[in-house]
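Take a look at the structure below.
Each chain gets a letter, A, B and so on, in the order the sequences are listed, and its residues count up from 1.
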Protein chains: 2
Amino acid sequence: MIKPRSRRGGGRPTIADVARKAGVGAITVSRALREPARVSEELRRQIQAAVDELGYVPDPNARALASARAEVFGVLVPSLTNNVFAEVVRGIYDSLSASPFRIQLGNTHYSGLEEERLLQVFGSQRPAALIVAGIDQTPTSRKLLESAGCPVVQVMETGPDPVDMMVGFSHFDGGRTATEHLIETGYRRIGFIGARMDPRSQRRLAGYRAAMEAAGLFDPRLVTTTPVLSSVPLGREMLRDALAKVPTLDGVFCNNDDIALGVLFECHRASIAVPKTIGIVGFNDLDMMQVAFPSITSIRTHRYEIGRRAVAMALAAIAGNRPEQRIVDLGFELKRRESTAR
Amino acid sequence: MIKPRSRRGGGRPTIADVARKAGVGAITVSRALREPARVSEELRRQIQAAVDELGYVPDPNARALASARAEVFGVLVPSLTNNVFAEVVRGIYDSLSASPFRIQLGNTHYSGLEEERLLQVFGSQRPAALIVAGIDQTPTSRKLLESAGCPVVQVMETGPDPVDMMVGFSHFDGGRTATEHLIETGYRRIGFIGARMDPRSQRRLAGYRAAMEAAGLFDPRLVTTTPVLSSVPLGREMLRDALAKVPTLDGVFCNNDDIALGVLFECHRASIAVPKTIGIVGFNDLDMMQVAFPSITSIRTHRYEIGRRAVAMALAAIAGNRPEQRIVDLGFELKRRESTAR
DNA sequence: CAACGTCATGGTAGCGCTACCAATTGCCTG
DNA sequence: CAGGCAATTGGTAGCGCTACCATGACGTTG
């Protein structure tokens with residue numbers, strides 16, 4: 001009356017089946033799969049044969065339960081559709097595809113509360129590492145990260161006080177560099193147009209302001225922002241708003257490339273000459289910036305590389321050799337193009 | 001000498017701790033959390049209090065192991081950065097955020113082999129449902145899907161032979177509609193420009209060809225394709241190639257909006273009048289199409305909705321009431337804009 | 001009022017795997 | 001040649017949870 005197999009599991013082969021077929025103990029199969037070096041050549045071969053024949057695939061849930069560690073990277077980003085994060089995520093995926101680690105991707109929608117909730121969920125799985133976007137976690141989130149018991153990498157930005165590790169660049173410097181470029185090129189009434197205004201955009205704005213004040217050009221009416229999610233159509237509207245406030249506007253530093261593209265299209269529509277009448281600078285340097293007409297000056301950021309480095313650092317930490325450099329600044333580059341070439 | 005707790009787990013509260021504190025059996029705690037209706041009001045309250053006090057969070061790995069089902073949706077897409085899939089994924093995430101289900105997102109890089117590998121990995125977790133992009137799975141992948149023992153939804157396209165369920169639209173019809181629109185507007189030497197040429201692009205091309213042949217306008221030299229990943233810069237190059245082959249080209253149906261935008265920019269650069277000299281139609285209708293200058297005609301597809309519907313169908317199937325309609329065609333809309341208004 | 005369902009609760013036995021601790025063997029050292 | 005050590009293998013006992021079955025306390029019914 002005993003039906004040991006078939007009772008619950010879908011009748012899939014287990015490690016015990018493999019062990020029986022190979023004539024070894026279950027633990028040896030486990031070792032052969034995870035630390036081949038510790039099993040003799042011969043047994044390894046037998047076990048591999050049994051695995052192949054049965055089509056055995058280890059159950060990650062059982063594995064996680066027994067070892068109190070899931071082979072999962074938790075990744076938290078504020079948006080899935082924003083090209084910027086998509087690139088970071090792609091870097092993460094590509095770096096992890098050859099490893100045994102799976103990826104658990106969470107979308108916080110730029111909400112601290114949602115981030116806390118997801119951190120709670122992710123933490124309950126005992127992930128191997130956590131990668132989170134930004135450095136402005138709520139106190140609760142920070143606590144959750146600190147007590148996660150795994151490497152943590154904050155990405156996109158650098159800052160003074162990492163939970164564990166950081167890979168990014170200075171958005172403040174990026175904003176300042178973009179603005180200084182406009183000033184140096186001869187623009188004077190330079191506006192800031194920013195949507196979404198998350199912490200990174202705030203810092204870009206701060207960089208803009210610093211540059212403008214240093215040049216004695218700052219005027220609060222030059223700043224146009226909205227909490228609305230950034231998009232190309234929004235860029236168009238915002239340029240209209242900005243021009244309505246300051247008709248003498250002769251340059252704009254845009255929060256990001258979507259906005260910059262919208263601004264460019266609106267200039268075309270309103271027959272405003274770019275770069276002659278208005279100069280435009282974007283942020284992130286999506287690949288369309290270089291083929292736009294005119295091509296758009298932008299701050300190139302290394303998003304894919306941020307993803308790769310974050311994984312590399314986490315992997316190193318998991319392997320036991322934490323990188324000596326806990327904060328990695330990947331910088332950015334000003335790409336001068338036609339939109340500011342006058 | 002017995003240290004039952006603290007031995008392995010990080011000392012987190014378990015269901016047994018909650019049960020002890022609430023003065024009930026562990027199984028009752030389990031039930032209170034999963035099927036509250038089956039536990040009396042009073043015990044439910046006591047248990048909730050204990051849960052809150054201890055900060056208990058169920059271990060999803062243990063849960064998955066014991067119940068032979070993980071609360072995970074496996075999602076397989078060919079690209080993470082392509083806006084089209086990002087929207088579908090966003091729809092999936094938004095629909096699932098209020099549920100207990102986690103999401104396991106895989107990137108197949110348009111590779112059948114990679115899809116098989118990921119399906120193997122995902123399957124080993126016994127997911128609650130699988131959502132995969134496309135209908136052209138390899139025989140191996142199809143077998144894996146069929147034997148996954150969970151609801152499966154194929155998204156993006158509709159076709160005659162679903163593994164289980166399908167949500168999408170006809171890319172062939174989309175391609176034909178776009179091309180017919182150009183023909184009706186009076187364009188004659190209409191090119192097809194397509195990058196990446198995955199199965200969906202192939203079907204759009206087939207739709208283009210059908211429309212052109214029906215009008216007696218088809219000419220193989222009008223078709224320009226490449227296996228390279230689609231991008232805006234690539235659109236620019238491909239228009240150049242197309243014009244080099246057929247200088248009399250007077251219209252283009254583009255594989256997707258990135259290409260269309262690149263084509264538009266190249267027209268500006270080469271001083272080709274749009275829509276007068278060349279008409280342009282894109283595919284997907286990203287939001288920038290309506291603000292481009294001139295605005296670009298495109299085939300609007302319901303990507304976010306595809307994600308939502310896929311989840312809704314999977315959830316229904318999990319709950320035991322499979323939708324009577326296994327194939328859902330969400331259609332598309334031709335958005336006529338300035339780029340074909342002559 | 002005996003027989004029977006229903007509801008609420010609990011005990012037991014795993015799910016499939018790995019941490020921990022032997023046990024065995026062969027070889028090296030003094 | 002005793003003692004020690006590394007290399008290889010295995011047994012046992014869980015990891016934290018839930019499926020399954022059992023138990024008792026209530027009605028409900030004929």
Report task. Starting from P on dA19(C), measure out to CG on Leu33(A) and report it in whole angstrom. Result -> 13 Å
Query raised in the report: Taking atom types as modelled, is there a side-chain donor on Thr108(A) or Ser111(A) under 3.5 Å from an acceptor on the other?
Result: no
Query raised in the report: What is the distance from CZ of Arg69(B) to C1' of dG16(C), rounded to the nearest Å?
Result: 15 Å
Query - Side chain of Arg34(A) - closest among dG10(C), dG10(D), dT18(C) - result: dT18(C)
**Report entry** Atom-pair distance (CG on Leu65(B); P on dC17(D)), nearest Å
**Finding:** 12 Å
Report summary line: Nearest-nucleotide check on DNA chain C, Ala62(A) vs Ser40(B); residue mapping nearer the 5' end is Ser40(B)
Report summary line: When rounded to whole Å, the CZ to P distance for the pair Arg12(A) and dC17(C) reads 9 Å
Query raised in the report: Separation of Glu35(B) atom CD from dA8(C) atom C1', in whole Å?
Result: 13 Å
Query raised in the report: What is the nucleic acid contact for Arg31(A), judged by heavy atoms within less than 4.0 Å: base, sugar-phosphate only, or nothing?
Result: base
**Report entry** Per Asp59(A) side chain, nearest of listed nucleotides dC17(D), dG10(C), dC17(C)
**Finding:** dC17(C)
Report task. Answer yes or no: is there an ion pair linking Arg142(B) with Asp136(B), defined by an N-O contact shorter than 4.0 Å? Result -> no
Query raised in the report: Going through the checks in order, is the side chain to side chain donor-acceptor pair (under 3.5 Å) test met by Glu116(B) and Gln137(B)?
Result: CA-CA 9 Å; Glu116(B) 289 174 12; Gln137(B) 282 77 29; over 6 Å; no
Report task. Determine whether any donor atom in the side chain of Arg126(A) lies under 3.5 Å from an acceptor atom in the base of dG16(D), or the reverse, and answer yes or no. Result -> no
**Report entry** Pairwise side-chain contact, Thr138(B) with Lys143(B), heavy-atom cut-off 4.5 Å (strictly under)
**Finding:** no
Report summary line: Gln125(A) CD to dC15(D) P, in whole Å, measures 20 Å
Query raised in the report: Between atom CD1 in Ile15(A) and atom C1' in dG11(D), what is the gap in whole Å?
Result: 14 Å
Query raised in the report: Between the main-chain N or O of Leu105(B) and the side-chain N or O of Tyr93(A), is there a donor-acceptor pair closer than 3.5 Å?
Result: yes
Query raised in the report: DNA chain D: Ile27(A) or Ser30(B), which has the more 5' nearest nucleotide?
Result: Ile27(A)
Query raised in the report: What is the distance, rounded to the nearest whole Å, between atom CZ of Arg20(A) and atom C1' of dC17(C)?
Result: 15 Å
Query raised in the report: Are any of Arg63(B)'s side-chain N or O atoms less than 4.0 Å away from OP1 or OP2 of dT18(D)?
Result: yes
